[in-house]
Student: 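Quick one: the structure is below, questions incoming.
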Amino acid sequence: MIPHHRFDGPPDAPVVVLGPSLGTTLGLWEPQLPVLTRTWRVLRYDLPGHDGSPAASGLPRDLTVDDLAAGVLELLDRHDLDAVAYAGVSLGGAVGTTLALRAPDRVASLVLCCTSARFGTPESWRERAALVRAEGTKPLTEATRSRWFTAGFPGAGRYLDMLAAVDPEGYAACCDALALFDVRDRLGEVRAPALVVAGAEDPATPPEHAEVLAGGIPGAELLVVPGAAHLATAERPDVVNEAIVRHLTTRWRTA
(Lines give C-alpha, C1' and ligand atoms only; values in the text may rest on other atoms or scores of the structure.)
Protein backbone atom coordinates (compact mmCIF):
# COMPACT_ATOMS: atom_id res chain seq x y z
CA MET A 1 0.00 0.00 0.00
CA ILE A 2 2.53 2.57 -1.18
CA PRO A 3 1.00 6.07 -0.88
CA HIS A 4 1.01 8.80 -3.50
CA HIS A 5 4.14 10.86 -2.90
CA ARG A 6 6.59 13.37 -4.31
CA PHE A 7 10.19 14.48 -3.77
CA ASP A 8 11.52 18.03 -3.60
CA GLY A 9 15.00 19.32 -2.95
CA PRO A 10 18.55 18.18 -3.78
CA PRO A 11 18.60 14.53 -4.93
CA ASP A 12 21.81 13.74 -3.04
CA ALA A 13 20.76 15.36 0.28
CA PRO A 14 19.64 13.46 3.41
CA VAL A 15 15.92 12.66 3.32
CA VAL A 16 13.18 13.96 5.59
CA VAL A 17 9.73 12.36 5.22
CA LEU A 18 6.72 14.59 5.94
CA GLY A 19 3.40 13.05 6.99
CA PRO A 20 0.10 14.99 6.75
CA SER A 21 -2.82 15.25 9.14
CA LEU A 22 -6.21 13.67 8.59
CA GLY A 23 -8.14 15.75 6.05
CA THR A 24 -5.11 17.42 4.47
CA THR A 25 -2.82 16.57 1.58
CA LEU A 26 0.91 16.73 1.12
CA GLY A 27 0.26 20.42 0.38
CA LEU A 28 0.00 20.92 4.14
CA TRP A 29 3.80 21.07 4.25
CA GLU A 30 4.29 23.74 1.58
CA PRO A 31 5.14 26.46 4.16
CA GLN A 32 8.12 24.31 5.19
CA LEU A 33 9.47 23.53 1.71
CA PRO A 34 11.49 26.71 1.06
CA VAL A 35 13.47 26.17 4.26
CA LEU A 36 13.80 22.39 4.25
CA THR A 37 14.75 21.99 0.59
CA ARG A 38 17.86 24.11 1.06
CA THR A 39 19.66 21.19 2.68
CA TRP A 40 17.22 18.26 2.67
CA ARG A 41 15.55 16.03 0.13
CA VAL A 42 11.91 16.25 1.16
CA LEU A 43 9.59 13.28 0.65
CA ARG A 44 5.88 14.05 1.18
CA TYR A 45 3.02 11.55 0.95
CA ASP A 46 -0.79 11.46 0.99
CA LEU A 47 -3.05 9.43 3.25
CA PRO A 48 -5.59 7.00 1.71
CA GLY A 49 -8.31 8.85 -0.20
CA HIS A 50 -6.47 12.14 0.15
CA ASP A 51 -5.50 13.79 -3.15
CA GLY A 52 -3.36 11.29 -5.09
CA SER A 53 -3.71 8.25 -2.81
CA PRO A 54 -6.78 6.17 -3.77
CA ALA A 55 -9.08 5.04 -1.00
CA ALA A 56 -10.19 1.67 -2.27
CA SER A 57 -7.09 0.27 -3.93
CA GLY A 58 -5.16 -1.98 -1.59
CA LEU A 59 -6.78 -0.80 1.65
CA PRO A 60 -7.15 -3.47 4.33
CA ARG A 61 -10.69 -4.08 5.60
CA ASP A 62 -9.88 -2.54 9.01
CA LEU A 63 -7.16 0.04 8.45
CA THR A 64 -4.71 0.66 11.31
CA VAL A 65 -1.98 3.21 11.89
CA ASP A 66 0.42 0.29 11.69
CA ASP A 67 -0.81 -0.32 8.13
CA LEU A 68 -0.08 3.31 7.27
CA ALA A 69 3.40 3.00 8.75
CA ALA A 70 3.95 -0.17 6.73
CA GLY A 71 3.06 1.80 3.60
CA VAL A 72 5.71 4.38 4.44
CA LEU A 73 8.25 1.57 4.92
CA GLU A 74 7.33 0.20 1.49
CA LEU A 75 7.84 3.69 0.12
CA LEU A 76 11.31 3.89 1.67
CA ASP A 77 12.19 0.46 0.30
CA ARG A 78 11.01 1.36 -3.20
CA HIS A 79 13.38 4.32 -3.24
CA ASP A 80 16.26 2.50 -1.51
CA LEU A 81 16.18 4.82 1.48
CA ASP A 82 17.75 3.56 4.67
CA ALA A 83 17.66 5.91 7.66
CA VAL A 84 15.52 9.04 7.23
CA ALA A 85 14.25 11.86 9.38
CA TYR A 86 10.49 11.92 9.82
CA ALA A 87 8.11 14.76 10.71
CA GLY A 88 4.34 14.35 10.94
CA VAL A 89 1.27 16.34 11.92
CA SER A 90 -1.56 14.70 13.90
CA LEU A 91 -2.27 11.35 12.18
CA GLY A 92 0.99 11.83 10.29
CA GLY A 93 2.69 12.12 13.67
CA ALA A 94 1.07 8.91 14.87
CA VAL A 95 2.45 7.22 11.75
CA GLY A 96 5.89 8.57 12.66
CA THR A 97 5.71 7.26 16.23
CA THR A 98 4.59 3.87 14.91
CA LEU A 99 7.37 3.87 12.34
CA ALA A 100 9.93 4.62 15.06
CA LEU A 101 8.59 1.68 17.09
CA ARG A 102 8.24 -0.71 14.16
CA ALA A 103 11.55 0.03 12.42
CA PRO A 104 13.80 1.96 14.82
CA ASP A 105 16.84 1.67 12.57
CA ARG A 106 15.02 3.52 9.77
CA VAL A 107 14.11 6.65 11.78
CA ALA A 108 17.17 8.76 12.56
CA SER A 109 15.26 11.80 13.84
CA LEU A 110 11.60 12.40 14.70
CA VAL A 111 9.38 15.49 14.82
CA LEU A 112 5.87 15.03 16.21
CA CYS A 113 3.60 18.02 15.53
CA CYS A 114 0.19 18.50 17.17
CA THR A 115 -0.23 14.78 17.68
CA SER A 116 -0.84 12.30 20.46
CA ALA A 117 -0.17 8.83 21.78
CA ARG A 118 -3.95 8.41 22.02
CA PHE A 119 -6.55 10.51 20.17
CA GLY A 120 -9.80 10.66 22.12
CA THR A 121 -12.17 7.72 22.46
CA PRO A 122 -12.77 4.93 19.93
CA GLU A 123 -16.49 5.79 19.98
CA SER A 124 -15.93 9.39 18.86
CA TRP A 125 -13.83 8.28 15.88
CA ARG A 126 -16.31 5.61 14.85
CA GLU A 127 -19.13 8.15 15.04
CA ARG A 128 -17.18 10.52 12.80
CA ALA A 129 -16.40 7.70 10.37
CA ALA A 130 -20.09 6.79 10.16
CA LEU A 131 -21.07 10.44 9.56
CA VAL A 132 -18.54 10.87 6.76
CA ARG A 133 -19.52 7.59 5.10
CA ALA A 134 -23.12 8.77 5.12
CA GLU A 135 -22.75 12.47 4.29
CA GLY A 136 -19.17 13.13 3.19
CA THR A 137 -16.82 15.63 4.82
CA LYS A 138 -18.99 18.75 4.37
CA PRO A 139 -20.67 18.46 7.81
CA LEU A 140 -17.21 18.64 9.40
CA THR A 141 -16.18 21.98 7.89
CA GLU A 142 -17.05 24.50 10.61
CA ALA A 143 -15.98 22.32 13.52
CA THR A 144 -12.74 21.57 11.69
CA ARG A 145 -12.05 25.27 11.10
CA SER A 146 -12.11 25.94 14.85
CA ARG A 147 -9.96 22.89 15.60
CA TRP A 148 -7.35 23.55 12.96
CA PHE A 149 -6.94 27.31 13.36
CA THR A 150 -7.30 30.14 15.84
CA ALA A 151 -10.04 32.68 15.13
CA GLY A 152 -9.26 35.00 12.26
CA PHE A 153 -6.48 33.02 10.61
CA PRO A 154 -6.67 34.29 7.00
CA GLY A 155 -5.39 31.18 5.24
CA ALA A 156 -7.95 28.67 6.54
CA GLY A 157 -9.88 28.32 3.27
CA ARG A 158 -7.06 26.62 1.40
CA TYR A 159 -6.79 23.86 3.97
CA LEU A 160 -10.55 23.42 4.34
CA ASP A 161 -10.67 22.93 0.56
CA MET A 162 -8.33 19.95 1.06
CA LEU A 163 -10.81 18.49 3.55
CA ALA A 164 -13.73 19.00 1.15
CA ALA A 165 -11.93 17.08 -1.60
CA VAL A 166 -11.09 14.00 0.49
CA ASP A 167 -12.73 10.73 -0.54
CA PRO A 168 -15.23 9.88 2.24
CA GLU A 169 -14.18 6.25 2.51
CA GLY A 170 -10.51 7.17 2.77
CA TYR A 171 -11.27 9.71 5.50
CA ALA A 172 -13.51 7.24 7.36
CA ALA A 173 -10.90 4.48 7.14
CA CYS A 174 -8.35 6.83 8.73
CA CYS A 175 -10.88 7.57 11.50
CA ASP A 176 -11.17 3.82 12.11
CA ALA A 177 -7.38 3.63 12.36
CA LEU A 178 -7.27 6.45 14.92
CA ALA A 179 -9.97 4.70 16.96
CA LEU A 180 -7.58 1.80 17.55
CA PHE A 181 -4.39 3.81 18.05
CA ASP A 182 -2.83 3.78 21.52
CA VAL A 183 0.94 3.71 22.13
CA ARG A 184 0.99 5.33 25.56
CA ASP A 185 2.64 2.30 27.12
CA ARG A 186 5.31 2.05 24.39
CA LEU A 187 6.72 5.57 24.26
CA GLY A 188 9.77 4.51 26.25
CA GLU A 189 10.78 2.25 23.35
CA VAL A 190 11.25 5.14 20.89
CA ARG A 191 14.98 5.48 20.21
CA ALA A 192 14.94 8.34 17.71
CA PRO A 193 15.83 11.83 18.98
CA ALA A 194 12.42 13.50 19.15
CA LEU A 195 11.01 17.01 19.04
CA VAL A 196 7.38 17.32 20.14
CA VAL A 197 5.53 20.43 18.94
CA ALA A 198 2.16 21.57 20.30
CA GLY A 199 -0.14 24.43 19.39
CA ALA A 200 -0.87 26.43 22.53
CA GLU A 201 -4.53 26.79 21.46
CA ASP A 202 -5.02 23.36 19.90
CA PRO A 203 -8.36 21.85 21.01
CA ALA A 204 -7.82 18.59 19.10
CA THR A 205 -4.51 17.58 20.67
CA PRO A 206 -3.95 20.07 23.50
CA PRO A 207 -0.49 20.68 24.95
CA GLU A 208 -1.24 18.04 27.60
CA HIS A 209 -1.04 15.42 24.84
CA ALA A 210 2.36 16.75 23.80
CA GLU A 211 3.51 16.59 27.41
CA VAL A 212 2.64 12.89 27.52
CA LEU A 213 4.69 12.28 24.37
CA ALA A 214 7.65 14.36 25.50
CA GLY A 215 7.56 12.85 28.97
CA GLY A 216 7.40 9.30 27.66
CA ILE A 217 9.96 9.43 24.83
CA PRO A 218 13.49 9.38 26.28
CA GLY A 219 15.29 12.69 25.79
CA ALA A 220 12.45 14.31 23.82
CA GLU A 221 12.23 18.09 23.54
CA LEU A 222 8.93 19.97 23.84
CA LEU A 223 7.93 23.18 22.08
CA VAL A 224 4.56 24.87 22.65
CA VAL A 225 3.80 27.32 19.83
CA PRO A 226 1.86 30.44 20.85
CA GLY A 227 -0.97 31.66 18.66
CA ALA A 228 -1.51 28.31 16.97
CA ALA A 229 -4.20 25.64 17.01
CA HIS A 230 -4.01 22.15 15.48
CA LEU A 231 -2.27 22.99 12.19
CA ALA A 232 0.59 24.90 13.78
CA THR A 233 2.80 24.15 10.77
CA ALA A 234 0.44 26.24 8.64
CA GLU A 235 -0.50 28.89 11.17
CA ARG A 236 2.94 29.63 12.63
CA PRO A 237 5.49 28.38 10.09
CA ASP A 238 8.03 30.92 11.34
CA VAL A 239 8.29 29.28 14.75
CA VAL A 240 7.80 25.71 13.59
CA ASN A 241 10.29 25.93 10.72
CA GLU A 242 13.03 27.24 12.96
CA ALA A 243 12.44 24.45 15.48
CA ILE A 244 12.34 21.70 12.85
CA VAL A 245 15.53 22.87 11.13
CA ARG A 246 17.35 23.15 14.44
CA HIS A 247 16.23 19.69 15.48
CA LEU A 248 17.06 18.00 12.18
CA THR A 249 20.44 19.70 12.06
CA THR A 250 21.52 18.85 15.59
CA ARG A 251 19.63 15.65 16.46
CA TRP A 252 20.32 12.94 13.89
CA ARG A 253 21.07 9.50 15.28
CA THR A 254 23.97 8.02 13.32
CA ALA A 255 24.20 4.69 15.12
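These numbers come from a predicted model, not from an experiment. Note: hydrogens, waters and symmetry copies are ignored here, and every other heavy atom, side chains too, is used.
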Student: If I take atom OG1 from residue T25 and atom CE from residue M162, how far apart are they, to the nearest 0.5 angstrom?
Tutor: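 If I round to the nearest 0.5 Å, the distance is 4.0 Å.
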Student: To the nearest 0.5 Å, what is the distance between CZ (R38) and CG (L33)?
Tutor: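 Nearest 0.5 Å value for the CZ-CG distance: 11.5 Å.
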Student: Is any side-chain heavy atom of V196 less than 4.5 Å from a side-chain heavy atom of L223?
Tutor: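 The answer is no; the side chains never approach within 4.5 Å.
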Student: Hey, quick one: are F7 and V42 part of the same hydrophobic cluster, counting side-chain heavy atoms closer than 4.5 Å, chains of contacts allowed?
Tutor: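 Cluster IDs for F7 and V42 match.
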Student: Taking T205 for its side chain and S116 for its backbone only, find out whether a donor-acceptor pair lies under 3.5 Å.
Tutor: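 Such a contact is absent between T205 side chain and S116 backbone.
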Student: Is there a donor-acceptor pair under 3.5 Å between the side chain of T115 and the backbone N or O of L112?
Tutor: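 Not at all, since once roles are kept as given, no pair shorter than 3.5 Å links the two residues.
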Student: Which pairs, with at least one residue in residues 195-211 and sequence neighbours excluded, count as a salt bridge (charged side-chain N to carboxylate O under 4.0 Å, His left out)?
Tutor: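 Of all non-adjacent pairs touching residues 195-211, none passes salt bridge (charged side-chain N to carboxylate O under 4.0 Å, His left out).
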Student: If we ignore angles and hydrogens, is there a donor and acceptor under 3.5 Å between the side chains of S21 and T24?
Tutor: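 Result is yes, a qualifying pair exists.
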Student: Identify the heavy atoms of G23 and W148 that sit nearest to each other, and give their distance.
Tutor: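 Result for this residue pair: O-CH2, 3.7 Å.
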Student: Should L75 and L43 count as side-chain neighbours, where that means a heavy-atom distance under 4.5 Å?
Tutor: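 Sidechains of L43 and L75: in contact.
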Student: Side chains of V240 and I244, heavy atoms from C-beta outward: is any pair under 4.5 Å?
Tutor: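 Side chain of V240 against side chain of I244, heavy atoms only: contact under 4.5 Å found.
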Student: Would a 4.5 Å heavy-atom cut-off, applied to side chains only, mark R78 and I2 as touching?
Tutor: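 Counting from C-beta outward, R78 and I2 do come under 4.5 Å.
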Student: Can you see which heavy atom on C174 is nearest to which on L22, and at what distance?
Tutor: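 What the structure gives for the nearest pair is CB-CD1, 3.5 Å.
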Student: Among residues at least two apart in sequence or on other chains, which ones pass side-chain contact (heavy atoms from CB on, under 4.5 Å) with R236?
Tutor: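 Residues passing side-chain contact (heavy atoms from CB on, under 4.5 Å) with R236: V225, P226, A228, D238, V239.
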Student: For residues V95 and T97, determine if any side-chain heavy atom of one lies less than 4.5 Å from a side-chain heavy atom of the other.
Tutor: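 They are not in side-chain contact.
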Student: Would you call R147 and E142 a salt bridge, taking side-chain N to carboxylate O under 4.0 Å as the test?
Tutor: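 Salt bridge absent between R147 and E142.
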Student: Ignoring hydrogens and geometry, is there a side-chain-to-backbone donor-acceptor pair from H209 to F119 under 3.5 Å?
Tutor: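 No, H209 side chain to F119 backbone: no donor-acceptor pair under 3.5 Å.
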Student: Looking only at side chains, do R246 and T249 share a donor and an acceptor under 3.5 Å apart?
Tutor: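 No, no side-chain donor-acceptor contact under 3.5 Å.
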Student: Under a single-linkage definition using a 4.5 Å side-chain heavy-atom cutoff for Ile, Leu, Val, Met, Phe, Trp and Tyr, are V132 and L180 assigned to the same hydrophobic cluster?
Tutor: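 V132 does not cluster with L180.
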Student: Which heavy-atom pair separates T137 from A164 by the least distance, and what is that distance?
Tutor: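 Between these two residues, the closest heavy atoms are OG1-CA, 3.6 Å.
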Student: Quick one: side-chain contact (heavy atoms from CB on, under 4.5 Å) partners of P139, sequence neighbours excluded?
Tutor: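 L131, E135.
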Student: Does the pair E30 and R158 meet the rule for a side chain to side chain contact (heavy atoms under 4.5 Å, CB included), with working shown?
Tutor: CA-CA 12 Å; E30 287 182 3; R158 175 168 177 263; 2.5 Å; yes
Student: How are the rings of Y171 and H50 set to each other: parallel, tilted or perpendicular (split at 30° and 60°)?
Tutor: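 The rings of Y171 and H50 lie parallel, inter-plane angle below 30°.
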Student: Tell me whether the rings of H5 and H79 are parallel (<30°), tilted (30 to 60°) or perpendicular (>60°).
Tutor: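 Answer is perpendicular, since the angle exceeds 60°.
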Student: Going by the rule side-chain contact (heavy atoms from CB on, under 4.5 Å), which residues pair with A103 if we only count those two or more places apart in sequence or in a different chain?
Tutor: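 Residues passing side-chain contact (heavy atoms from CB on, under 4.5 Å) with A103: L73, R106.
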Student: Not counting sequence neighbours, which residues clear salt bridge (charged side-chain N to carboxylate O under 4.0 Å, His left out) with R102? List them please.
Tutor: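 So R102 forms a salt bridge (charged side-chain N to carboxylate O under 4.0 Å, His left out) with D66.
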Student: Between P31 and P34, which heavy-atom pair has the shortest distance, and what is it?
Tutor: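 Nearest heavy atoms, P31 then P34: O-CD, 3.9 Å.
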Student: Would you say L68 and T64 make side-chain contact, with heavy atoms under 4.5 Å?
Tutor: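 Result no, sub-4.5 Å side-chain heavy-atom pair not found.
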Student: Looking at R126, R128, R133, which hits salt bridge (Lys or Arg N to Asp or Glu O under 4.0 Å) with D176?
Tutor: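 For D176, the salt bridge (Lys or Arg N to Asp or Glu O under 4.0 Å) test succeeds with only one of R126, R128, R133, which is R133.
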Student: Do side-chain atoms of D67 reach the backbone of L63 as a donor and acceptor pair under 3.5 angstrom?
Tutor: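 Not confirmed, D67 side chain does not pair with L63 backbone.
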Student: Verify the distance criterion only: is there a donor paired with an acceptor across the side chains of Q32 and T233 at less than 3.5 Å?
Tutor: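 Not at all, the side chains of Q32 and T233 share no donor-acceptor pair under 3.5 Å.
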Student: When rounded to the nearest 0.5 angstrom, what is the spacing between CG in L18 and CG in L36?
Tutor: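 If we round to the nearest 0.5 Å, L18:CG and L36:CG are 6.0 Å apart.
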Student: What are the two closest non-hydrogen atoms of C175 and A129, and how far apart are they?
Tutor: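 Here C175 and A129 meet closest at CB-CB, 3.8 Å.
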Student: Where the side chain of T144 meets the backbone of L140, is there a donor-acceptor pair that is under 3.5 Å apart?
Tutor: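 Such a contact is found between T144 side chain and L140 backbone.
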Student: Report the C-alpha separation of R191 and D105 in whole Å, then their side-chain angles, then the decisive distance to 0.1 Å, and conclude whether the side chain to side chain contact (heavy atoms under 4.5 Å, CB included) test is met.
Tutor: CA-CA 9 Å; R191 289 167 38 196; D105 293 339; 3.3 Å; yes
Student: Kindly say whether F153 contributes a backbone atom to a donor-acceptor pair with the side chain of E235 at under 3.5 angstrom?
Tutor: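 A pair under 3.5 Å: no.
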Student: I want to check a possible cation-pi pair here: R118 against F181, using under 6.0 Å from ring centre and within 45° of the ring axis as the test.
Tutor: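 The answer is no; the distance or angle limit is not met.
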Student: Quick one: side chains of residues 83-94, donor-acceptor pairs under 3.5 Å with protein atoms, not counting sequence neighbours, listed by atom name and distance.
Tutor:
residue	atom	partner	partner atom	Å
Y86	OH	Y45	OH	2.6
Y86	OH	G92	O	2.7
S90	OG	H230	NE2	2.9

Student: Closer than 3.5 angstrom, by distance alone: can the side chain of R44 be matched with the main-chain N or O of L26 as a donor-acceptor pair?
Tutor: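 Yes; at least one donor-acceptor contact below 3.5 Å.
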Student: List the steps and the verdict of side chain to side chain contact (heavy atoms under 4.5 Å, CB included) for V212 and L187.
Tutor: CA-CA 9 Å; V212 170; L187 295 176; 4.2 Å; yes
Student: Grab the two heavy atoms, one from L248 and one from S109, that are nearest each other, plus how far apart they are.
Tutor: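 In terms of heavy atoms, the two residues are closest at CD2-OG, 3.9 Å.
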Student: Can we call the ring centroids of W29 and W40 under 6.0 Å apart?
Tutor: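 No; W40 has its ring centre 6.0 Å or more from that of W29.
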